[in-house]
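Note that these values count all heavy atoms, side chains included, but never hydrogens, waters or copies made by symmetry.
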Number of protein chains: 2
Amino acid sequence: MDRIYKALSDPTRREIIRLLRQRDMTAGEIAGNFTLSKPTLTGHFAVLREAGLIHGEKSGTTITYSLHLSVLEDALALLMDQFRIGQPRARTTASPKVPS
Amino acid sequence: MDRIYKALSDPTRREIIRLLRQRDMTAGEIAGNFTLSKPTLTGHFAVLREAGLIHGEKSGTTITYSLHLSVLEDALALLMDQFRIGQPRARTTASPKVPS
DNA sequence: ACTTTATTTCGGTAATTTCCTAAATACAAA
DNA sequence: TTTGTATTTAGGAAATTACCGAAATAAAGT
């Protein structure tokens, strides 16, 4: 779970996800959308892969990356659940004194 | 927007949010839930405040923090929208060759 | 005025993250 | 088998982050 948050915390990685939302792309195609070096992008792919958000399929000399939309959906759902968004909050005042 | 992602990327800050979801709490009360030092927690409060996720109200010597649930909700909604979750994806194959 | 309590600011260290260039790998084509 | 293309791994620099103890601030109680 923590890996997914970390993966989403970088703007470059969010942009990669946005690109893969549209269609599968090779590592080189994705890199073409950035001014960053390819090794740097490779590092971002690794973070996304370790979070389970993308998957790379090797074919010949190219690797085509695809998004695991379901993992992203589940993560977002869990995030909303964790903060119990949509449900009413409890009392909204701090306890005035906390006896130890 | 980026500040919100960054704010959510740390487990300690997510726990602070979780605590404030239940009820408003003073800085000291929140700190009581962690083994971390108070200055460290103060730093986390600042990150959350700068992201607009919490707000501190000073009263006497204490500061009571409260969660801006609406900001969190909006951020999550935007996040889902950014990745267009719930909508169908486009073509799912990489273009075989990209002529420059 | 002095002390206590709650919290922050300061200054610095260690860990992590992001990024780069150069070199390695792996496959395909000539 | 040599060459070219796509991508990764390795090694390291720079920036950012998370953390701490000590000192500062600020309000309240004595």
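One atom, CG of L48(A), and another, P of dT7(D), lie 16 Å apart when rounded to the nearest Å. When rounded to the nearest whole Å, the span between CD of E29(B) and P of dT5(C) equals 17 Å. Here dT17(D) presents its P atom at 14 Å from CG of L8(B), a figure rounded to the nearest Å. With rounding to whole Å, E15(A) atom CD is found 16 Å from dT18(C) atom P. Between the CD atom of E57(B) and the P atom of dA6(C) there is a distance of 19 Å, rounded to whole Å. Rounded to a whole Å, the CZ atom of R49(B) is 7 Å from the P atom of dT9(C). Taking atom CD1 on I30(B) and atom C1' on dT8(C), their separation rounds to 14 Å, with Å as the unit. Residue R13(B) contributes atom CZ, which lies 12 Å from atom C1' of dT16(D) at whole-angstrom precision.
Residues of residues 31-42 of chain B that place a heavy atom closer than 4.0 Å to DNA chain D, in numerical order, are L36(B), S37(B), P39(B), T40(B).
Looking at H55(B), its side chain never comes within 3.5 Å of a backbone N or O of S66(B) through a donor-acceptor pair. With hydrogens and angles ignored, the 3.5 Å screen pairs no side-chain donor or acceptor of T40(A) with any backbone N or O of L36(A). Within the 3.5 Å criterion, the main-chain N or O of A7(B) finds a donor-acceptor partner in the side chain of R13(B). The backbone N or O of V47(B) sits nowhere less than 3.5 Å from a side-chain atom of E50(B) that would complete a donor-acceptor pair.
Annotation: side chain of T26(B) is in contact with side chain of E29(B) (closest heavy-atom distance under 4.5 Å). Residues K6(B) and R3(B) form no side-chain contact, since every pair of their non-hydrogen atoms from C-beta on lies 4.5 Å or further apart.
The listed nucleotides are dT5(D), dT7(C), dT7(D); the one nearest the side chain of T61(A) is dT5(D). Checking dC19(C), dT8(C), dT8(D) against the side-chain heavy atoms of A27(B) singles out dT8(C) as nearest.
Under 4.0 angstrom from either OP1 or OP2 of dA6(C) there lies no side-chain N or O belonging to Y65(B). The phosphate of dC19(C) has OP1 or OP2 within less than 4.0 Å of a side-chain N or O from H44(A).
If you find the closest nucleotide of DNA chain C to S9(A) and to G60(A), the one lying nearer the 5' end belongs to S9(A). The residue among T62(A) and S59(B) whose nearest nucleotide of DNA chain D is located toward the 5' end is T62(A).
For the side-chain hydrogen bond (donor to acceptor under 3.5 Å, both in side chains) test, residues two or more places apart in sequence or in another chain that qualify with D2(A) are R14(B).
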